[in-house]
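The analysis underlying the following values was restricted to heavy atoms, covering all of them including side chains, and did not include hydrogens, waters or symmetry mates. Naming convention: chains lettered A, B, ... in sequence-line order (proteins, then strands); numbering from 1 in each chain. It should be emphasised that the depicted structure is a prediction, and the values quoted were computed from it without experimental measurement.
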Amino acid sequence: MIEINPPEDFNFKECLVFLGRSDQELLHKIIDGYVFKLLKVDKELVLLKIGYKNDAIQVEFPMGEPALGAQKMAAKYVVDWFDLDQDLAGFYEIAQKDQMLHRVVSKYRGLRMIGIPDLFEALTWAIMGQQINLTFAYTLRKRFVERFGESLTFEGETYWLYPTFSRIAEIDADALRELQFTARKAEYVIGVSRAMVNEELSKEDLLRMEDYQQIHVYLTKLRGIGSWTADYVMMKCLHQRAAFPITDVGLHNAVKIQLGLERKPTLVELKVMAAGWKGWEAYSVFYLWRSLYV
DNA sequence: ATCCAGGAGTCCG
DNA sequence: CGGACTCATGGA
């Protein structure tokens, strides 16, 4: 077992609420307050059981402890996944001056940005979610994972790995159309896979840029990656606090509900609202999304 | 049936 | 850059 000291402002239960938002989720399971997650580390399948006890995050390995190096990789994954290196003090400070943020922050305090550490998963999941309702997006993802992903069954539970870009790079669009992907989405997903196989695109390269604009421009040059998708991926995978998917429909609905508006806010209204969110747009959006889950 | 959903590409001025 | 149009498929 590995213990991880959580940062200030960490609420495991709030994170679990987010992780449990879809009943079509198959990339992790929540059982009795633990998160079960299958990873591949050094070509080895490793099952993680993540819990919270005695003010510490505990990562157990139900299938047996892997080598120490692999355990450390697993711990790094958890830090990445739960955004544990982020200090939220600045966010909570600006939230105090904003009526809408103040409300969601006081409700969900300690919620971290639950990320998608795998760049390929972040990009392709975002593409799947473009312009369709979330329920159907989850259906598409489930089919995609079950068709092209790897799985392992342990003690009667089946755990899945997201498909790899090298696997998807070798299929053709029709294989995705069978799963009800539109022709466009099939092209986008395969295009991204091939870009990654060709080493034109990697998380390491993007992180090395370390400048919001540069990353955004690079991502949106890829076919199928518009501004929304680029910002979504920068939020969920690249830890860019200033990432701001301002056209996001979920954001619009959350704001509408929080402010009791008759209609969704306009882009101009959102920009005015978000003027005080500078540097913390991603967390602002994430907390507002959280407010949509009951 | 009708509206719309965690948009993107293209064309056009 | 910003608007208008088109695509595409299922949920509620």
Side-chain angles (χ1 to χ4, degrees), chain A residues 17-25 27 104 108 111 113-116 118-144 147 162 173-195 201 213 215-238 240 243-258 261-271 273-274 277 281-294:
Chain A
V17 171
F18 183 81
L19 286 168
R21 69 196 183 287
S22 170
D23 54 10
Q24 293 197 83
E25 182 59 65
L27 294 177
V104 291
Y108 313 124
L111 170 66
M113 173 77 62
I114 306 300
I116 305 175
D118 175 19
L119 177 66
F120 177 65
E121 180 184 341
L123 281 166
T124 51
W125 166 232
I127 290 168
M128 286 178 216
Q130 288 168 1
Q131 187 59 16
I132 58 175
N133 64 74
L134 263 183
T135 308
F136 181 52
Y138 278 108
T139 301
L140 282 182
R141 186 175 74 143
K142 187 165 184 288
R143 290 176 186 162
F144 182 67
R147 177 71 65 96
Y162 200 76
D174 290 341
L176 293 179
R177 297 228 56 191
E178 284 176 23
L179 308 183
Q180 254 43 66
F181 281 58
T182 63
R184 218 58 71 77
K185 281 186 184 180
E187 290 167 18
Y188 296 165
V189 165
I190 291 171
V192 164
S193 313
R194 295 185 179 162
L201 177 64
Q213 275 306 325
I215 300 173
H216 197 276
V217 167
Y218 193 90
L219 284 175
T220 51
K221 275 192 287 194
L222 295 161
R223 188 166 160 76
I225 313 294
S227 190
W228 176 87
T229 304
D231 276 304
Y232 180 88
V233 170
M234 283 190 281
M235 265 182 79
K236 299 279 284 184
C237 182
L238 303 176
Q240 297 291 308
F244 190 22
I246 192 169
T247 59
D248 182 78
V249 174
L251 169 67
H252 300 172
N253 282 326
V255 169
K256 176 185 169 194
I257 292 167
Q258 288 302 315
L261 306 176
E262 298 284 328
R263 50 163 180 78
K264 290 189 283 190
T266 66
L267 232 50
V268 173
E269 288 169 337
L270 279 166
K271 282 178 184 168
M273 249 174 256
W277 304 355
E281 290 89 343
Y283 261 92
S284 302
V285 169
F286 193 66
Y287 270 62
L288 285 164
W289 280 348
R290 166 65 183 86
S291 73
L292 294 170
Y293 307 126
V294 188

request  = Provide the closest heavy-atom pair for Ala282(A) versus Gln240(A) in the form atom of the first, atom of the second, distance.
outcome  = CB-O, 3.5 Å
inquiry  = Can you give me the closest heavy-atom contact between Ala186(A) and Ala173(A), atom names plus distance?
reply    = CB-O, 3.8 Å
message = If you take any heavy atom closer than 4.0 Å to DNA chain B, which residues from residues 222-230 of chain A end up in contact?
response = Leu222(A), Arg223(A), Gly224(A), Ile225(A), Gly226(A), Ser227(A), Trp228(A), Thr229(A)
remark   = By side chain to side chain donor-acceptor pair (under 3.5 Å), His252(A) pairs with (sequence neighbours left out) none
Per-nucleotide protein contact string for nucleotides 7-12 of chain C, where B marks a base within reach and S marks sugar-phosphate only (heavy atoms under 4.0 Å, - for neither) = SBBBSS
Whole angstrom is fine here: how far is it from [atom1] in [X] over to [atom2] in [N]?
{"X": "Lys185(A)", "N": "dA5(B)", "atom1": "NZ", "atom2": "C1'", "result": "9 Å"}
{"X": "Leu267(A)", "N": "dC1(C)", "atom1": "CG", "atom2": "P", "result": "15 Å"}
{"X": "His252(A)", "N": "dG7(B)", "atom1": "NE2", "atom2": "C1'", "result": "12 Å"}
{"X": "Ile246(A)", "N": "dG2(C)", "atom1": "CD1", "atom2": "P", "result": "12 Å"}
{"X": "Asn253(A)", "N": "dC3(B)", "atom1": "CG", "atom2": "P", "result": "17 Å"}

query = Among Phe144(A), Phe120(A), Tyr138(A), Tyr188(A), whose ring-ring contact (aromatic ring centres under 6.0 Å, His included) with Trp125(A) holds?
reply = Tyr138(A)
query = Just one of Tyr287(A), Phe286(A), Tyr108(A), Trp289(A) clears the ring-ring contact (aromatic ring centres under 6.0 Å, His included) bar with Phe18(A), so which one?
reply = Phe286(A)
note = The answer to which of Tyr188(A) and Lys236(A) contacts DNA chain B further toward the 5' end, by nearest nucleotide, is Lys236(A)
Is there a side-chain contact between [X] and [Y] in this structure, where contact means two heavy atoms from C-beta onward sitting under 4.5 Å apart?
{"X": "Arg263(A)", "Y": "Lys256(A)", "result": "no"}
{"X": "Val17(A)", "Y": "Arg290(A)", "result": "yes"}
{"X": "Asp231(A)", "Y": "Thr247(A)", "result": "no"}

ask   = What is the nucleic acid contact for Tyr293(A), judged by heavy atoms within less than 4.0 Å: base, sugar-phosphate only, or nothing?
value = base
key: Verdict with supporting geometry, Arg141(A) and Glu121(A), salt bridge (charged side-chain N to carboxylate O under 4.0 Å, His left out)   = CA-CA 10 Å; Arg141(A) 186 175 74 143; Glu121(A) 180 184 341; 3.7 Å; yes
ask   = Distance check: side-chain N/O of Lys264(A) vs OP1/OP2 of dA5(B), anything under 4.0 Å?
value = yes
